[in-house]
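Reading through the structure tokens given below for one structure.
Lettering follows sequence order; numbering is per chain, from 1.
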Number of protein chains: 2
Amino acid sequence: MLEKEKLKLKAKFFRGFADPTRLAILESLRSGEKTVTEIVQETGQSQSNVSNHLSCLLECGLLKNRRDGKNIHYSIRNAKVEKLLENSDIVLSEVYREIFECARYEE
Amino acid sequence: MLEKEKLKLKAKFFRGFADPTRLAILESLRSGEKTVTEIVQETGQSQSNVSNHLSCLLECGLLKNRRDGKNIHYSIRNAKVEKLLENSDIVLSEVYREIFECARYEE
DNA sequence: TTAACAAATCATCAATTAATGATATGATTA
DNA sequence: TAATCATATCATTAATTGATGATTTGTTAA
């Protein structure tokens, strides 16, 4: 694979984390497996929006899921993804002010 | 700060990594400090585009810079940011196929 | 086998953002 | 101080994407 393609892929990977709703989902799942309904309640987002982002996170390999009757339970794929979230918290705590003041992105 | 605001901020943080050009810059700087001209050459992107993304990465605290005569040298802010890049490489290597096949994002 | 519940999919709309080309700023050297 | 080199900024354009509401699929229980 070309270097250029690798970079696109890596960007795609990070984009999984680069949205408030997806992060809310990931944060919500850091305390353990949850159903879609529970995630909808916790995040306060619409069902369809949560579902969209769940598909996204699932497809990109950050989450896994399992059916249990009518419910589908989602959880963080593995310890390495959790580790990455912890790790990014550490870096984020260092650059908090800069990010806060950065006017480049609004959302 | 509200939980919602924190998530927006965190998303903003990850967005720094969520673009191929910005990643190309970050990758290029993993081997050490470089001038804008050098980064332009390495990435093959236009000067203005590189400059825009450099400002972005700088503002968000992922890079630092210093002037040296006519040149401005950019480098990765600190070891923790480097560590995060390494860490994400590890996770990425695990979810490579999923991301590759994920049709949600095109770029 | 129908009703109710849980979740996914689809089309549409609005907003965001990356890239481009042109121009401006700042530093050095002739 | 004029010319050149290095970088930043600006306005515009095109493409991407997140949110919404409606609909569909799938599962269980009445």
Original post:
Within this structure, what is the CZ-to-P distance between R67(A) and dT27(D), rounded to whole angstrom?
Top reply: 5 Å
Subject >> Protein-nucleotide distance (I72(A), atom CD1; dT25(D), atom P), rounded to Å >> reply: 15 Å
**OP:** Ignoring the backbone of H53(B), work out which of dA18(C), dA7(C), dG18(D) is nearest its side chain.
**Re:** dA18(C)
Subject >> Most 5' of S46(B) and L54(A) on DNA chain C, judged by nearest nucleotide >> reply: L54(A)
Original post:
Atom NZ of K34(A) to atom C1' of dA7(C): distance rounded to whole Å?
Top reply: 18 Å
Original post:
Counting only N and O atoms by type, is there a donor-acceptor contact under 3.5 Å from the side chain of S88(B) to the main-chain atoms of L84(B)?
Top reply: yes
**OP:** Give a yes or no on whether a donor-acceptor pair under 3.5 Å exists between the nucleobase atoms of dA19(D), that is its base, and the side chain of Q45(A).
**Re:** no
**OP:** Answer with yes or no whether Q47(B) presents, from its side chain, a donor or acceptor under 3.5 Å of a partner atom in the base of dA8(D).
**Re:** yes
Subject >> Spacing of L58(A) atom CG relative to dT9(C) atom C1', expressed in whole Å >> reply: 15 Å
Original post:
Nearest of dA7(C), dT17(C), dC10(D) to any side-chain atom of V36(A)?
Top reply: dA7(C)
**OP:** Say whether, by atom type as modelled, one donor and one acceptor occur between the side chain of N78(B) and the main chain of V81(B) under 3.5 angstrom.
**Re:** yes
Original post:
Among dT9(D), dG26(D), dA8(C), which nucleotide sits nearest the side chain of S51(B)?
Top reply: dT9(D)
**OP:** Would you indicate which nucleotide in dC5(D), dA8(C), dA8(D) comes nearest to any side-chain atom of Y74(A)?
**Re:** dA8(C)
Subject >> E82(A) to I76(A) - nearest heavy-atom pair and separation >> reply: CG-CG2, 3.7 Å
**OP:** Report yes if at least one side-chain N or O of T35(B) is closer than 4.0 Å to OP1 or OP2 of dA6(D); otherwise report no.
**Re:** no
Original post:
Distance only, no hydrogens: is a donor on one side chain within 3.5 Å (strictly under) of an acceptor on the other, for K34(A) and T37(A)?
Top reply: no
Subject >> Same apolar cluster (I L V M F W Y, side chains within < 4.5 Å links), F100(B)/L58(A) >> reply: yes
Subject >> Interatomic distance, E59(A) CD vs dA8(C) C1' [rounded to whole Å] >> reply: 12 Å
Original post:
Mapping N71(B) and S55(B) onto DNA chain D by nearest heavy atom, which one lands closer to the 5' end?
Top reply: N71(B)
Subject >> Most 5' of D68(A) and N52(A) on DNA chain D, judged by nearest nucleotide >> reply: N52(A)
**OP:** Quickly work out the R15(A) CZ to dA18(C) P distance and round it to whole Å.
**Re:** 8 Å
Original post:
From dT28(C), dT7(D), dA6(C), pick the nucleotide closest to the side chain of K70(A)?
Top reply: dA6(C)
**OP:** Write down the distance between CG (N65(B)) and P (dA6(D)), rounded to a whole number of angstrom.
**Re:** 17 Å
**OP:** Could you check how far CD1 of I25(B) sits from P of dA8(D), rounded to whole Å?
**Re:** 10 Å
